[in-house]
Amino acid sequence: MPCWTEHWISSWRHRSRRAYRDMKQGNDSSDENKLIAERRAKLGELRAQGVAFPNDFRRDALAAQLHDAFGARPAEWFEANPTQVKVGGRIMFKRVMGKASFAKIADRTGQIQLFLQQEALGAVYDAFKGWDVGDIAGASGVLFRTKTGELSVRVDALRLLVKSLRPLPDKWHGLADTETRYRRRYVDLIVSESSRNVFRARTRIVRYLRDFLDALDFLEVETPMMQPIPGGAAARPFRTHHNALDLDMYLRIAPELYLKRLVVGGIERVYEINRNFRNEGLSTQHNPEFTMLELYLAYADYRDLMDWIEKAIRGLADTLNGTPQLTYQGRSFDLTKPFRRVTVEQAVIEHNPGIDPLSLRDPTYLRKRCEQLGIKVEAHDGPGKLQIELFEKTVESTLLDPTFVYAYPAEVSPLSRPNDADPFIADRFEFFIAGREIANGFSELNDPEDQAARFRAQVARKDKGDEEAMFYDADYVRALEYGMPPTAGLGVGIDRLVMFFTDSASIRDVILFPHMRPEAG
RNA sequence: GGGGCGUUAGCUCAGUCGGUAGAGCAUCGGACUUUUAAUCCGCUGGUCGUGGGUUCAACUCCCACACGCCCCA
């Protein structure tokens, strides 16, 4: 044996032994307690008896399938038609009554009850009495209906497949502590059906959008997560470094500029559903990484996108709930009504009594107005930026029913096409539900010279200290110089959309592993 | 960054005026062959988030910090 192998093995063994010792001393889990110690001792007995973690049990039925197929059969049917099944899952419920017991096991589809008798199972029955809620078991037996009518399996063979060392939360109260639900999502998912349903709904929502777009001949693509120039949004990026290239890179804040390069390349209908990263604060509506649908549609404008959203939102409600009526955080929404469409300036006038409608583009007037409201403004902010600050402060949170706000100032829309009749504004809108921005769409700026000028203006802002201002992306301008067809583009915040459709108050409720500070200690 | 609230048994939560810490469920032991938050009997289980301070005495009052939740910027 070559000596390097021996050395490798011995060093591995050494590490392994130390890891085992650390484990025995509880160095890797500071929260050892009596309950865990009891279960650890039970596991020790299992190890002594043979393979403690077997992987040779196979199911032939799932809980929901059994309920669907046999839930309606009367008790006598089961006697006339003995039906043998093999089921397996986590023990969620255990009730021992002397020589007979009930247990419920949960698989990915639901729960099914087991009925266990000493007479039928002998020594295994006695062993079962020592098993714990949370353990994973496999059972075979025949279906029957209990005295109270519950479809159950009369077990003729039973095996413990996995010993669980940690107790589950109280079966009645569940896991109420939000911190633990987010940090130990696995426990939350074990005990909370509503949490499982949120994440199932999330996947269904994404699938619905994919199907919708695929049916319209859109091509789904993947563009870089790591970008040398972060573009497509006003946001602070995360930085990283590529060693081999010795190159600073950024996690993307948006895929926009890459997707539009693809439109230049002739992919006239293109979308991506993936993560964006923004180095900003955390809140009920912000996670540093979040999921966005971005789509681009050539030979269309921003109004076509508003129509698409309206159709998609209604279709989603119908697909998920079978009705256009839904409740979010105690407020009911009727999605059959046409979604309101209002300009930024109209909305600002409506929500700012006494404001002079003729001065909405006067920087001095707007600046005074902002200062009165305690809005922090920068010296280099122009009328468009001031107008949008005013909008965000006084209007945004009031937009409860689905609302399109359009005619955004061109000044704050450096990638949008300016309006033909009124160059102060861009052909751009944002979409709001429940006071939150859900989507942002516009007719794309495809004039390469105008785009270059907009980038230069952004760089000037960056030089004045605006950390969210955009970089100059020369290759993107070059792409536009080859010619991008007239195009409309849209970004949809998937997490917030899922929040709305699952009645979730916090973005953390719709992200499996939301970011948190590391646990103390 | 600022403000408010929270952190006590595995889980869910009480804890009065500052006087050596409680309940339900779970666990553990016992009874029970159709339970549905089973029932009955008995016993366990705590660095009261961490560190200081005040006090004869601190879960309790004061300060700092950590983590979380909510609101604001």
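Residue numbering restarts at 1 for every chain, and letters A, B, ... go by the order of the sequence lines. Just so you know, these numbers come straight off a predicted model, no measurement behind them.
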By the 4.0 Å heavy-atom rule, please label A:K129 as base, sugar-phosphate, or nothing. nothing
On a whole-Å scale, what distance lies between the C1' atoms belonging to B:C11 and B:A37? 14 Å
Report yes or no: is the cationic atom of A:K99 (NZ for Lys, CZ for Arg) closer than 6.0 Å to the six-membered ring centre of A:Y125, at no more than 45° off its axis? no
Could you check whether A:S359 and A:D356, counting side-chain N and O atoms only, form a donor-acceptor pair closer than 3.5 Å? yes
Does a side-chain N or O from A:R517 land closer than 4.0 Å to OP1 or OP2 of B:G68, or not? yes
Can you say whether the rings of A:F500 and A:Y328 are parallel (under 30°), tilted (30 to 60°) or perpendicular (over 60°)? tilted
cation_pi(A:R331, A:F333) dist<6.0 Å, angle<=45: yes
Under 4.0 Å between a Lys/Arg side-chain N and an Asp/Glu carboxylate O for A:D381 and A:R461? yes
Option among A:R166, A:K94, A:K42 that satisfies the side-chain hydrogen bond (donor to acceptor under 3.5 Å, both in side chains) test with A:D132: A:K42
What does A:V133 touch in the nucleic acid at a heavy-atom separation under 4.0 angstrom: a base, only the sugar-phosphate, or nothing? nothing
Dump the pairs, protein N or O against N or O of nucleotides 70-73 of chain B, anything under 3.5 Å, distances to one decimal.
unit_1: B:C70; atom_1: OP2; unit_2: A:R508; atom_2: NH1; d: 3.0
unit_1: B:A73; atom_1: OP1; unit_2: A:K393; atom_2: NZ; d: 2.6

Any side-chain donor paired with an acceptor under 3.5 Å for A:E289 and A:N276? no
Should B:C56 form a Watson-Crick or G-U wobble pair with both distances under 3.5 Å, which nucleotide is its partner? B:G19
Assigned partner base of B:C28, Watson-Crick or wobble definition, under 3.5 Å: B:G42
For B:C67, the nucleotide meeting Watson-Crick or G-U wobble distances (both under 3.5 Å) is B:G6
Yes or no on side chain to side chain contact (heavy atoms under 4.5 Å, CB included) for A:D509 and A:T502, after CA distance, side-chain angles and deciding distance? CA-CA 9 Å; A:D509 296 324; A:T502 58; over 6 Å; no
Determine whether A:I309 and A:F429 satisfy the following criterion, side chain to side chain contact (heavy atoms under 4.5 Å, CB included), listing intermediate values before the conclusion. CA-CA 12 Å; A:I309 290 182; A:F429 71 92; 3.8 Å; yes
So, A:T291 and A:R202: side-chain donor and acceptor under 3.5 Å apart, yes or no? yes
Can you check the A:E179 CD to B:A66 P distance for me, whole Å? 14 Å
Could you work out the separation of B:A66 and B:A9 based on their P atoms and round it to a whole Å? 23 Å
Rounded distance in Å - CG (A:L165) to C1' (B:U27): 14 Å
Here the distance between atom P of B:G68 and atom CG of A:D188, to the nearest Å, is 17 Å
Identify all pairs in which a protein N or O lies below 3.5 Å from an N or O of nucleotides 33-35 of chain B, and state each distance.
unit_1: B:U33; atom_1: OP2; unit_2: A:K99; atom_2: N; d: 3.0
unit_1: B:U33; atom_1: O4'; unit_2: A:A100; atom_2: N; d: 3.4
unit_1: B:U33; atom_1: O2; unit_2: A:Q117; atom_2: NE2; d: 3.1
unit_1: B:U34; atom_1: O2'; unit_2: A:K147; atom_2: NZ; d: 3.4
unit_1: B:U34; atom_1: O2; unit_2: A:K147; atom_2: N; d: 2.9
unit_1: B:U34; atom_1: O4; unit_2: A:R154; atom_2: NH1; d: 3.4
unit_1: B:U35; atom_1: O2'; unit_2: A:R95; atom_2: NE; d: 2.9
unit_1: B:U35; atom_1: O2'; unit_2: A:R95; atom_2: NH1; d: 2.0
unit_1: B:U35; atom_1: O2; unit_2: A:R95; atom_2: NH1; d: 3.4
unit_1: B:U35; atom_1: N3; unit_2: A:Q113; atom_2: OE1; d: 3.0
unit_1: B:U35; atom_1: N3; unit_2: A:Q113; atom_2: NE2; d: 3.3
unit_1: B:U35; atom_1: O4; unit_2: A:Q113; atom_2: NE2; d: 2.5
unit_1: B:U35; atom_1: O4; unit_2: A:T146; atom_2: OG1; d: 3.1

Assess, by modelled atom type and distance only, whether the side chains of A:D156 and A:Q84 contain a donor and an acceptor separated by less than 3.5 Å. yes
Indicate for each nucleotide in nucleotides 8-13 of chain B, in 5' to 3' sequence, whether protein heavy atoms under 4.0 Å reach the base (B), only the sugar-phosphate (S), or nothing (-). --BBS-
